Amino acid sequence: MPSAPSQFPGGKTVLGFPLRGFGLFTSLLLSFASALLTFCIATMIAIFSLLVWNLGGKHSVDFAITYRYIGLPASLVVLAIALPFFLVLWIRAKIHQ
């Protein structure tokens, strides 16, 4: 089966997304968007897990801990990793221009 010609010749891709050509705004946007997505997913999983825990064991644990102790730390960790990663990609693109 012939493959379609790549729109990004010589460029590396992750799941089809190019790792080149990001501007500063795009890099910052991707960093904060990945942190927000992580916050939402981690908090959702924690809420459902705590719901099962509360219903299964007749506990009454406060759901606010899912935001404070699960969602926020997970999103800060992803932000701390994604921000330097995307900024390095932006700096490399600026250097190689």
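Worth saying up front: this structure is predicted, and the values here are computed from it rather than measured.
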Worksheet item: Between the main-chain N or O of F86 and the side-chain N or O of S27, is there a donor-acceptor pair closer than 3.5 Å?
Response: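 Indeed, once roles are kept as given, a pair shorter than 3.5 Å links the two residues.
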
Worksheet item: Side chain of T43, backbone of C40: donor and acceptor closer than 3.5 Å?
Response: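 No: the side chain of T43 does not pair with the backbone of C40.
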
Under 4.5 Å between side-chain heavy atoms, counting indirect links through other Ile/Leu/Val/Met/Phe/Trp/Tyr residues: same cluster for [X] and [Y] or not?
X: I91; Y: L28; value: yes
X: L79; Y: L72; value: no
X: L37; Y: I45; value: yes
X: V77; Y: I41; value: no
X: I95; Y: W90; value: yes

Discussion item. Within a 6.0 Å radius of atom OH on Y69, are there more than 12 heavy atoms belonging to other residues, nucleotides or ligands?
Written reply: no

Discussion item. Going by side chain to side chain contact (heavy atoms under 4.5 Å, CB included), F85 matches just one of L89, L83, V88. Which one?
Written reply: L89

Item to complete: Can you see which heavy atom on S31 is nearest to which on A82, and at what distance?
Response: OG-O, 3.3 Å

Worksheet, complete the sentence: In terms of heavy-atom contacts, A35 and S75 come closest through O-CB, 3.3 Å

Worksheet entry | Verdict with supporting geometry, F63 and N54, side chain to side chain contact (heavy atoms under 4.5 Å, CB included) | CA-CA 10 Å; F63 282 95; N54 281 344; 3.6 Å; yes

Item to complete: Might you work through the side chain to side chain contact (heavy atoms under 4.5 Å, CB included) test for L50 and I70, ending with a clear yes or no?
Response: CA-CA 11 Å; L50 194 57; I70 309 289; over 6 Å; no

Worksheet item: Can you tell me how far the CZ atom of F39 sits from the CG atom of L76, to the nearest 0.5 Å?
Response: 9.5 Å

Worksheet entry | Intermediate values then yes/no, side chain to side chain contact (heavy atoms under 4.5 Å, CB included), L24 and L87 | CA-CA 7 Å; L24 178 61; L87 288 178; 3.8 Å; yes

